[in-house]
Amino acid sequence: MSHIEIIRSGVLTTCQDAGRPGWAHLAVPPSGAADRPSWRLANQLAGNATGACALETTLTGCTVRAHRNVTVVVGGAPCAVTVDGRPESWGQPVKLAAGSVLDAGPAEVGVRSYLAFSGGLHPKASLGSHSTCLLSGLGPAPVEDGDMIPLGPSPAHPPLPTQWPAPWAGVSDELVMKLHLGPRLDWFASDAVNELAKGVWTVSEHSNRIGLRLEGPALRHRHPGKELPSEGIVAGSLQVPASGQPILFGADHPTTGGYPVIGVVGAVALAAAAQARPGTRIRFAPIPMPHWDEAL
Amino acid sequence: MTVPQTRPSGRLKPLPSGPRGVLIDCGTGETARACYRALQARRVNGSLEATDLVPGATTVLVDGVEEPELLAAEIPGWVLTDDTEHTGGTIEIPVCYDGPDLEAVAELWGVAPEAVGDIHASVRYEAAFCGFVPGFAYLEGLPERYHTPRHETPRTSVPAGSVAVGGPYTGVYPRSSPGGWQLIATMTNPGRLWNEHREPAALLVPGTRVRFVKVDI
């Protein structure tokens, strides 16, 4: 056991593991890494067991000092990596000697880079998870300069001598997401599906781990002013408040909501959304809603 | 002993909530409670695998299911037995009726301010569902004539332990947060509501019976 020390926390760096699914009935958001595939891969390359806690940066990267020899993998959003000022590889295991300083620079594309350390990070846990939740405040607070975060014991298996298995696709200026229509499609005006299929939205700068706020054509409610009794919502839900400007809910989403959800994106689209910068254009490919009740 | 009642099952309507979710629209809060208990029982006996069961006001969300269409096909055929006899205990919450909106609520209810606490404490509540912040439960039970509108502009900060009424519900704020409900009382020890080192972390889980006990501080 030893620690990593935060030298530069960047605008927002949080600790993230697999989160705390299974507690939504107590109003506990799922949390966990926003871009699951990148987080998982970074951990794998660092030789960690599934689910280890890593640092998740936001746009500006972060800088850390190791207080023991540790292997680090910087994955997710591509960025310049240096150790004590010397260039090092992104997306590959980097050996960091005790006392050395690793800098993960600003994201070149995308939003969130992951710093996975062999042994994983062990900050304060809440309900079995080390993940920071921005909505509920559970888990450790976002990291600050000077924080010392405990490292777990180094894994028995050495880091894989491999490169990032595939070039990181990153995100383009425009994302097209499959949107599974429902559950509350019938709360929307009859032209809503058409609007969804042809509309283009942009990611607002008021977006975070809780959700992406989208700006574009308004999705109109069928009965403006009618209130939906609070109901459970899943990650990836596209919720539409009275303004008609949708919110795509991410990892730290509220567990229940009182505005109708017009459709839900799957895990792949949600990971891409986590790397979508403000200004990214979003389009939807609506998948028809199965009419389960009518078949019976 | 109450004879279990069978409810018409046609009221359970499964709606898709993404590739791994089913939102069961139950029509009423009462049916949603029965549906939640049925889902919990199925999960315990191994006939349902799901990550989360999330009750809402009149719905239950089943999230993290591999083949939602199979669950959806089953749901309309379910017969919910309503075990109205409650076997568990009741959580008592000692409160002092001293909230800043006590007089406004008295006026809305058409009673004297001193009577608000007597009315509120006489009701037997059930935690219908949780939401808003961890440990906050929407408590159901107020007769319709005591349903209360929310503030048009929510307070930016409501102290922890504030007991409030809003719409058909009452609830206790587990921590300081913004809030739009009418504040009528204060819980003496709000730290009980949420303790992540306790199992369960929330004092008021869905299905918990609750009684408010009037105390003077």
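Order of the sequence lines fixes the chain letters, A, B, ..., with proteins taken first and strands second; residue numbering starts at 1 for each chain.
G236(A) and L270(A) get closest at one heavy-atom pair: CA-CD1, 3.8 Å. When all heavy atoms of V111(A) and Q275(A) are compared, the pair lying nearest together is N-OE1, 2.8 Å. Contact record, P254(A) with F249(A): CD-CE2, 3.5 Å, taken as the closest heavy-atom pair.
Residue V261(A): no heavy atom, backbone or side chain, is found under 4.5 Å from chain B. Within the 4.5 angstrom heavy-atom criterion, only side-chain atoms of R175(B), from C-beta onward, approach chain A. Interface residue E199(B): only side-chain heavy atoms are found under 4.5 Å from chain A. Heavy atoms closer than 4.5 Å to chain B are found in the backbone of A125(A), but not in its side chain. If you measure heavy-atom distances from V205(B) to chain A, the contacts under 4.5 Å come from both the backbone and the side chain. For I287(A), no part sits under 4.5 Å from any heavy atom of chain B, backbone or side chain.
Across P16(B), P134(B), C130(B), the residue that shares the most heavy-atom pairs under 4.5 angstrom with chain A is P16(B). Between chain A and the residues G131(B), G18(B), P19(B), A202(B), the largest count of heavy-atom pairs under 4.5 Å involves P19(B).
From D35(A), atom CG reaches atom CZ of R112(A) across 9.0 Å, with rounding to the nearest 0.5 Å.
The main-chain N or O of Q239(A) is never found under 3.5 Å from a side-chain atom of S237(A) such that the two would form a donor-acceptor pair. Within the 3.5 Å criterion, the main-chain N or O of F188(A) finds a donor-acceptor partner in the side chain of R222(A). The backbone N or O of P206(B) lies less than 3.5 Å from no partner atom in the side chain of Y36(B), so there is not a single donor-acceptor pair.
For Y125(B) and Y138(B), the ring centers are positioned 6.0 Å apart or more.
Using modelled atom types and a 3.5 Å distance limit, the side chains of S204(A) and S207(A) yield no donor-acceptor pair.
Considering only heavy atoms from C-beta on, W194(B) stays 4.5 Å or farther from F136(B) through its side chain.
The pair R283(A)-E174(A) meets the salt-bridge criterion, since a charged nitrogen lies less than 4.0 angstrom from a carboxylate oxygen.
Residues from residues 13-33 of chain A that place a non-hydrogen atom less than 4.5 Å from a non-hydrogen atom of chain B comprise P21(A), G22(A), W23(A), A24(A), H25(A), L26(A), A27(A), V28(A), given in numerical order. Interface residues of residues 52-62 of chain B toward chain A, defined by a heavy-atom distance below 4.5 Å and sorted by number: D52(B), L53(B), V54(B), P55(B), G56(B), A57(B), T58(B), T59(B), L61(B).
Within a 6.0 Å sphere centred on CZ of R36(A), other residues, nucleotides and ligands contribute more than 12 heavy atoms. Within 6.0 Å of the OH atom in Y259(A), the count of heavy atoms belonging to other residues, nucleotides or ligands does not exceed 12.
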